[in-house]
Asker: 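Just dropping this structure here.
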Amino acid sequence: MSMAISRLVYCKFEVINLFEDKMKHIVKIMTFLVAITAVWISLLQTAMIPRSHTWLLPLYFIVSLGCYGLLMVGVGLMQFPTCPQEAVLLQQDVIEAKQFLKHNGVDVGSD
Amino acid sequence: MAKQNKYSIIIPTYNERLNIALIIFLVFKHIPDVDFEIIVVDDGSPDGTQDIVKQLQQVYGDDRILLRARPKKLGLGTAYIHGLKHASGNFVVIMDADLSHHPKYLPHFIKKQIETGADIVTGTRYVKGGGVHGWTLMRKLTSRGANVLAHTLLWPGVSDLTGSFRLYKKSVLEDTISSCVSKGYVFQMEMIVRASRKGYHIKEVPITFVDRVYGSSKLGGSEIVEYLKGLVYLLFTT
């Protein structure tokens with residue numbers, strides 16, 4: 001009897017594991033959204049925060065997300081790593097390569 | 001203490017007559033003491049790329065440079081699969097033939113993999129030590145915006161999603177590539193996201209990227225639409 005029960009429990013864990021492994025990213029995002037929506041609804045019902053504020057919370061969330069995104073783009077753009085010296089080094093490599101290859105019978109005429 | 005590792009470097013080409021010669025020279029220059037082979041997958045280039053590769057085989061040996069051509073342009077993903085069939089190494093490097101990926105980083109990739117035992121080492125242009133040259137402000141803005149969007153939606157675990165300069169364990173590449181269906185650079189995104197979801201150990205090395213020395217690379221409206229469609233697809237299927 002206890003063997004059957006422990007087998008059942010084991011199977012249940014296997015199923016949960018399978019679900020987690022195969023869980024698509026969109027499902028994780030939807031779960032998160034459902035969770036914060038549940039929090040928002042409970043805030044509305046218990047009125048810990050004045051209702052007028054609570055109604056605006058989703059808007060604040062979306063606007064913050066947008067601002068965060070723009071900030072990340074701006075910061076990333078300012079810090080965008082560039083490497084002008086690499087173009088020079090590359091040209092040197094090209095010259096060296098062409099010399100060697102010409103010497104060894106490979107056709108490196110420009111195209 | 002060097003291990004008995006062999007690296008198969010797969011380079012898909014189309015009309016890269018000059019660049020392929022330069023790339024092969026640079027590979028031999030930068031990893032002379034490594035056991036490697038270069039697999040050129042040419043899609044029937046009309047400019048004589050394959051003739052150049054044959055000349056290079058005379059110089060370096062046809063056991064080091066393998067030409068595995070295809071009759072016409074058949075896509076990047078299938079080019080890698082085709083190259084993989086002929087790869088005898090236990091590691092596979094994928095890189096572009098247009099000199100935007102410099103072979104001088106190959107020792108960095110190899111070292112990183114040996115140090116960490118990673119399944120995949122991917123080159124990133126977006127961290128300190130890496131960088132891009134030859135991009136306009138607009139191009140940088142698009143790239144950065146695309147990156148932020150992809151990170152917010154997908155949480156991929158790597159900083160450069162569309163990069164295609166990577167070192168894979170051969171078994172990992174075979175496993176991941178079998179489940180990818182996208183084309184072009186979305187394919188690169190799909191590869192790394194799927195690998196991340198499968199739990200493979202991924203490490204990054206900074207690389208510098210000099211855009212198209214010979215020729216031009218484009219980023220227009222249709223590429224952006226394709227990218228967004230790719231993101232949505234990855235959101236729902238990974």
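Proteins get letters first, then strands, A, B, ... in listed order; numbering begins at 1 in each.
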Asker: If you count heavy-atom pairs under 4.5 Å with chain A, which of K104(B), H151(B), Q58(B) comes out on top?
Answerer: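 Of the options given, most contacts go to K104(B).
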Asker: Whether the side chain of H25(A) engages the backbone of L153(B) through a donor-acceptor N/O pair (distance < 3.5 Å, no angle test) should be reported.
Answerer: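 Checked: pair present.
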Asker: Return yes when atom NZ of K73(B) has more than 12 non-hydrogen atoms of other residues, nucleotides or ligands closer than 6.0 Å, and no otherwise.
Answerer: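 For K73(B), atom NZ is not crowded (no more than 12 foreign heavy atoms under 6.0 Å).
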Asker: Step by step, would you call K98(A) with L18(B) a side-chain contact (heavy atoms from CB on, under 4.5 Å)?
Answerer: CA-CA 9 Å; K98(A) 279 184 170 175; L18(B) 177 56; 4.1 Å; yes
Asker: Quick one: closest heavy-atom pair of A97(A) and L22(B), and the distance?
Answerer: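 Nearest pair, atom of A97(A) first, then L22(B): CB-CD2, 3.5 Å.
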Asker: What do the steps show when you test I29(A) against L235(B) for side-chain contact (heavy atoms from CB on, under 4.5 Å), and what is the final call?
Answerer: CA-CA 9 Å; I29(A) 292 184; L235(B) 192 60; 3.8 Å; yes
Asker: Going through the distances and angles, do T208(B) and L89(A) end up as a side-chain contact (heavy atoms from CB on, under 4.5 Å)?
Answerer: CA-CA 11 Å; T208(B) 55; L89(A) 289 174; over 6 Å; no
Asker: Between the side chain of E86(A) and the main-chain N/O of V210(B), is any donor-acceptor distance below 3.5 Å?
Answerer: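 Side chain of E86(A) to backbone of V210(B): no pair is present.
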Asker: Which answer fits V127(B), side chain, backbone, both or neither, if we ask what part of it has an atom under 4.5 Å from a heavy atom of chain A?
Answerer: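 For V127(B), the contact with chain A is made by the backbone alone.
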Asker: Between L26(B), V132(B), V148(B), which residue shows the highest count of heavy-atom pairs closer than 4.5 Å to chain A?
Answerer: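 The option with the most such pairs is V132(B).
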Asker: Could you tell me which of K128(B), K29(B), R125(B) has the largest number of non-hydrogen atom pairs under 4.5 Å with chain A?
Answerer: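 Between K128(B), K29(B), R125(B), the count favours K29(B).
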Asker: Would you please test D107(A) and R17(B) for side-chain contact (heavy atoms from CB on, under 4.5 Å) and show each step?
Answerer: CA-CA 9 Å; D107(A) 177 19; R17(B) 178 195 173 88; 2.6 Å; yes
Asker: Mind checking whether V94(A) and L99(B) have side chains closer than 4.5 Å, heavy atoms only?
Answerer: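 The answer is yes, as the side chains (C-beta and beyond) meet within the 4.5 Å cut-off.
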Asker: Just checking heavy atoms, which of residues 59-70 of chain A are less than 4.5 Å from chain B?
Answerer: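 Under the 4.5 Å heavy-atom cut-off, G69(A) qualify.
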Asker: Where does Y60(B) contact chain A at under 4.5 Å (heavy atoms): side chain, backbone, both or neither?
Answerer: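 Interface part for Y60(B): side chain.
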Asker: Any residues in residues 73-83 of chain A near chain B, with a heavy-atom distance under 4.5 Å, and which are they?
Answerer: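 Expected list: V73(A), G76(A), L77(A), F80(A), P81(A), T82(A), C83(A).
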